Enquirer: 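A single structure is presented below for examination.
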Amino acid sequence: MSDVRLSNGSPTLERTDPRLPEHPKPSACKSLFGPVDHEELKKDFNAHLRELEEAAAARWDFDFANDQPLANGRLQWELVEHSSVPDFYSRPPRENGVCSGNNNVDHNGNHHCDGMAQSEETSRADSQMECTEQSSGPRKRSACHDPSAQSKRSHTSPEEVSCPNLSHSAEHTPRKTRRLSALQCVQ
Amino acid sequence: MEDQLLCCEVDSIRRAYQDVNLLNDRVLHTMLKAEENYLPSPNYFKCVQREIVPKMRKILATWMLEVCEEQKCEEEVFPLAMNYLDRFLSVEATRKTRLQLLGATCMFLASKMKETVPLTAEKLCIYTDNSVQPGELLQMELLVLNKLKWDLASVTPHDFIEHFLSKLKICPSTKQILRKHAQTFVALCATDVNFIASPPSMVAAGSVVAAVQGLYLKSQDVSLSSQNLTNFLSQVIRSDPDCLRSCQEQIESLLESSLRQAQQHGGPAESKRVDEEVDLSCTPTDVRDINI
């Protein structure tokens, strides 16, 4: 299976040598359109993130910043045991992924200093969840909370909340699903 | 056994063989339908942007191509990144000073989509001469993803080239050269604003015809004559032969002007800027020599 290169549709390109480990040549390193105003950029990003978080919160009845459900939401969230969900929800992320070491923004744009901080936050959320747990109806996992998740849910349906393909979400957004490991959404 | 395998993985990029089951008309028709969903707005410079003008896109594209070339990215990465860029600019007014950050972010995403070892945020930031920071790039990534509605599976001209080549009766070695040339034309088109709204299938077909012309393959087989090939491929992409011909001519004149520009800026001080254009432009000439 090591021969498989899944991502490439044109297998007979001439480029078969691996990416060079060297640093970029100075000649290609250039600032094209003048200096960036970092402060203003940060402000704009924060405004965008707030918008996104609000949209996600409205969609999922969940306060992602504080890891707890919204009070009067249409969805009910309940706590489940770690052992009852597949281990990819709880195992730690890969160390030093290819896309960088020192970022503190995860796929959702949420800020996390490192893995430790994140797991603390999750356990804090877990303990809070126990107080607010409301259990009714059949259990269903909530795998995904970004505002553009592929399947529209019917919030008004008395039936189970349908969820996007679990393995799909897990593959593409491991951190996201891991954060929600302890919570399930029930209707 | 395992050691051997590991060694192989280190030494070269491993690729799967082309799946011939994917080179059928059903797939082609699905792609022709799907490509419509990923077309940028043709007039975003006028309707959406206030600071960005076509010339800036060219400067940015030239830099992005240079980075992709230097980092030996897969051929698809650059056109895909340009598609993300155009789609983003079609919906979001952007500051001039943030354009390079956007370009870097689009390469970051396209590389992740297409490569087993993607470009890192840090490396891309170095290419901006550290004018942006990795954290900013990651936040920009999120913004781009949201503006593109997380739909990164754009159809690119590269997806079509293989289909077209599979329909031509040419020997494998010629096919390889033809593929290379067509891909070069596709990259060239991605740098040019006149092709922003052209469907990828059209750009791919025009590039294949232009490559066949450039390589003088027409003399070998009557089905490869310009007219026959244009008629045939325009049927394949369900378009008008005249449209395809005009696309092909546009590609050829773009090539010519790039060549001219490269010659004019041939001085050592300017050579960096036009490096990749020289690369792009010179390829057909070189191969023509080989064929003769």
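Quick note on labels: first sequence line is chain A, next is B, and so on, each numbered from 1. Note that the structure is predicted; figures quoted are calculated from it, not measured.
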Enquirer: Working note: A:Asp37 + B:Arg95, criterion salt bridge (charged side-chain N to carboxylate O under 4.0 Å, His left out); need CA distance, chi angles, decisive distance, verdict.
Expert: CA-CA 10 Å; A:Asp37 185 340; B:Arg95 297 268 180 83; over 6 Å; no

Enquirer: Using heavy-atom distances under 4.5 Å, tell me whether B:Leu60 contacts chain A through its side chain, its backbone, both, or neither.
Expert: both

Enquirer: Inspect the surroundings of NZ in B:Lys175 and state if more than 12 heavy atoms from other residues, nucleotides or ligands are less than 6.0 Å away.
Expert: yes

Enquirer: Nearest 0.5 Å, what's the CD-CZ distance between B:Glu51 and A:Phe33?
Expert: 11.5 Å

Enquirer: Check whether any side-chain N or O of B:Trp63 sits under 3.5 Å from a backbone N or O of A:Ala28 as a donor-acceptor pair, and report yes or no.
Expert: yes

Enquirer: Drop me the distance from A:Leu32's CG to B:Leu101's CG, to the nearest 0.5 angstrom.
Expert: 11.5 Å

Enquirer: Any sub-3.5 Å donor-acceptor pair from B:Gln139's side-chain atoms to A:His48's backbone N or O?
Expert: no

Enquirer: With a 4.5 Å heavy-atom cut-off, do B:Thr128 and A:Val36 have their side chains touching?
Expert: no

Enquirer: Which value, rounded to the nearest 0.5 Å, describes the distance between A:Glu40 atom CD and B:Arg98 atom CZ?
Expert: 5.5 Å

Enquirer: Say you draw a straight line from NZ of B:Lys123 to SG of A:Cys29; how long is it, rounded to the nearest 0.5 Å?
Expert: 10.5 Å

Enquirer: Out of B:Asp159, B:Ile161, B:Asp129, return the one with the most heavy atom pairs under 4.5 angstrom to chain A.
Expert: B:Asp129

Enquirer: Look at B:Val132, B:Leu22, B:Leu99, B:Asn130 and state which one has the largest set of heavy-atom pairs under 4.5 Å with chain A.
Expert: B:Leu99

Enquirer: To the nearest 0.5 angstrom, please state how far the OG1 atom of B:Thr97 sits from the NE2 atom of A:His38.
Expert: 10.0 Å

Enquirer: Applying side-chain contact (heavy atoms from CB on, under 4.5 Å), run through B:Met140 and A:Phe45 and close with a yes or a no.
Expert: CA-CA 8 Å; B:Met140 192 65 180; A:Phe45 276 140; 3.7 Å; yes

Enquirer: So which residue, B:Val67, B:Asp151, B:Leu143, ends up with the most heavy-atom pairs under 4.5 Å with chain A?
Expert: B:Leu143

Enquirer: Identify which of B:Met56, B:Gln133, B:Glu136, B:Gln100 forms the greatest number of heavy-atom pairs closer than 4.5 Å to chain A.
Expert: B:Gln100

